[in-house]
Amino acid sequence: MKDTNIRLFRKWDALVLLLLLLSALIIFALQESEEKPTSLLVLIDGEVVEDIPLPKEPLLKAYLVDGKEITVCLYPDGAEILSSPCPHQTCIKSGKITRKGSSIHCLPLRFGVLLDGKGEIDGVTG
Amino acid sequence: MNKKPWQEGKKRRFCVVSRLLSLFALLSLLLPSLFSCAPAYTQINSYGMGTFAVFTVEDDEDASALVSLLAETENEISFRVAHSPIAKLNGGEEVFLSEDLQGLFALAASLQEQTNGRFSVLAQKETVLWQFDAENPAPPSLAALEDAALETQGALLTQRENGAFSLVGGGIDLGSAGKGYATDVLASYLKEKGKTGLIAVGGSIACVGKKTGDWKIGVRNPFSQERESLLGVLSLREGFVSTSGSYEKRFFYEGKEYHHILDAKTGLPVENELISVTVIATSGALADMLSTAAFILGLQDGFALCQAYGAEAIFVCRSGSVYASSSLSSRLEVENFEVIYR
């Protein structure tokens, strides 16, 4: 009987293996690297008082802290503090945050907003 | 009946494909587990020492402990806290200081000498004249500043025979050292427990090891008020970082800028080519004080000072020029600025 010399692996087997490995890696990478934040944490005195999903349209939220009002605007991609009674308005000048893990704080009121998740930056100096 | 060769081949390919699919399933399950072998970090936010603190640690329990430690440290070193050791010293009492605080004051004295008195933690008589947090701040009178500066230059913190410390003249204000000192205290807690983590008290940051890779520390762009605008990103696994910048706390009065980094010899805000100095050092107190002292001295002398203390630094000039220690060239990623390494 003729020996057909059957091979265990053909070229397309190697290709399939490579594609499967790549797919696994891509799936893993996609799971790990969602760039955009999905919700905003509101903190008063360091405690999370609200966890708000980022809206599809801009959304204004007002908070009373020690009888003083501070307003936050949420966007599909981030948030900013729009108004605050603090003297220097540093929190307002901080502008809009859009990165995961970014935060803005009104120190006189001990009020802050923080975009959820772990961003690429672990801490900021300055 | 013997199977034909093509049937044998088909069967073997089926086996191969089955094995590959199993491999894929295994990889899908295995890869996330492999990458999550590094400890997950939990993040706790807190307010303390007049600023915002973030603790990125391995355990919730450690985070809670750090929040308490931060409050204790503030009670120890703030002159604004009644009955703190510092408030007592300022009030003329004799006080026994912890070894850590003694070390802090020794380092401060060294920097005072190296800056010819332009940096001082005994300048509280001057700093309280500047009301940066007032609703309508205005510069104090030159006469008042002159008197306060004279008192600072004559101030002396001494240790008595019984080991207690007393202050003669001036007043202690650890604003240029407090946050860095706090990161030292909190970092020691983690190190004693054999834990890794990142501690941020305002802009003073302690990197206490990391199981995989380096911590990524953003350096604020001093030319932008936007929170997310960065000059660059520093990679650091262990070490302490602090920044002093004229943009951090300032006001404008009659068209002139007044910022919070004072020359202790005059009581006036330093005027030189710098807008910010970031220091990376082996202790938080050193990084904090050195960033202020180096800012006061200016680019050339400030750089030399950092080198003398074995620290790395990033100097940003008002002109937009950026100078950094050559040892940072592989660990500092900067966009939109050209860095001159030296």
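Below, chains carry the letters A, B, ... as their sequence lines are ordered, and counting in each starts from 1. In this text the structure is predicted, and so the values were computed from the model without any measurement. Hydrogens, waters and symmetry mates play no part in the numbers below; they use all other heavy atoms, side chains included.
A:E69 and A:S83 share no side-chain donor-acceptor pair at under 3.5 Å.
Between B:L236 and B:V241 the shortest side-chain heavy-atom distance falls below 4.5 Å. Proximity of A:L109 to A:I70: side-chain heavy atoms (C-beta onward) are separated by under 4.5 Å at one or more points. At a threshold of 4.5 Å between non-hydrogen side-chain atoms, the residues B:K195 and B:V57 do not count as touching.
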Next item on the list: List the steps and the verdict of salt bridge (charged side-chain N to carboxylate O under 4.0 Å, His left out) for B:E248 and B:K179.
Entry: CA-CA 14 Å; B:E248 292 176 291; B:K179 294 183 186 70; over 6 Å; no
Next item on the list: Would you check, one step at a time, whether the test salt bridge (charged side-chain N to carboxylate O under 4.0 Å, His left out) holds for A:E120 with B:K216?
Entry: CA-CA 7 Å; A:E120 288 177 13; B:K216 300 293 183 188; over 6 Å; no
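The most heavy-atom pairs under 4.5 Å with chain B, out of A:G112, A:S94, A:G46, A:G95, come from A:S94. For the set A:V48, A:D122, A:L107, the count of heavy-atom pairs under 4.5 angstrom toward chain B peaks at A:D122. By number of non-hydrogen pairs under 4.5 angstrom with chain B, the leading residue of A:H88, A:K93, A:R110 is A:R110. Here B:D133 is the residue among B:L231, B:D133, B:I199 with the most heavy-atom pairs under 4.5 Å with chain A. In terms of heavy-atom pairs under 4.5 angstrom with chain A, the leader among B:W215, B:Y247, B:Y47 is B:Y47.
B:A134 touches chain A through its backbone: at least one of N, CA, C or O sits under 4.5 Å from a heavy atom, while the side chain does not. With a threshold of 4.5 angstrom between heavy atoms, A:L41 does not approach chain B through any atom at all. Using a 4.5 Å cut-off between heavy atoms, B:I217 contacts chain A through both its backbone and its side chain. When heavy atoms are compared at a cutoff of 4.5 Å, B:S291 does not approach chain A at all. Residue contact with chain A, scored on non-hydrogen atoms closer than 4.5 Å, involves the side chain of B:P137 exclusively. When heavy atoms are compared at a cutoff of 4.5 Å, B:V219 approaches chain A by way of both its backbone and its side chain. Proximity to chain A (any heavy atom under 4.5 Å) is shown, for B:S276, by neither the backbone nor the side chain. Within the 4.5 angstrom heavy-atom criterion, atoms from both the backbone and the side chain of A:T98 approach chain B.
With respect to A:D77, the salt bridge (Lys or Arg N to Asp or Glu O under 4.0 Å) criterion is satisfied by exactly one of A:K36, A:K100, A:K96: A:K96.
Using cut-offs of 30° and 60° for the angle between ring planes, the A:F111 and A:Y63 rings count as tilted.
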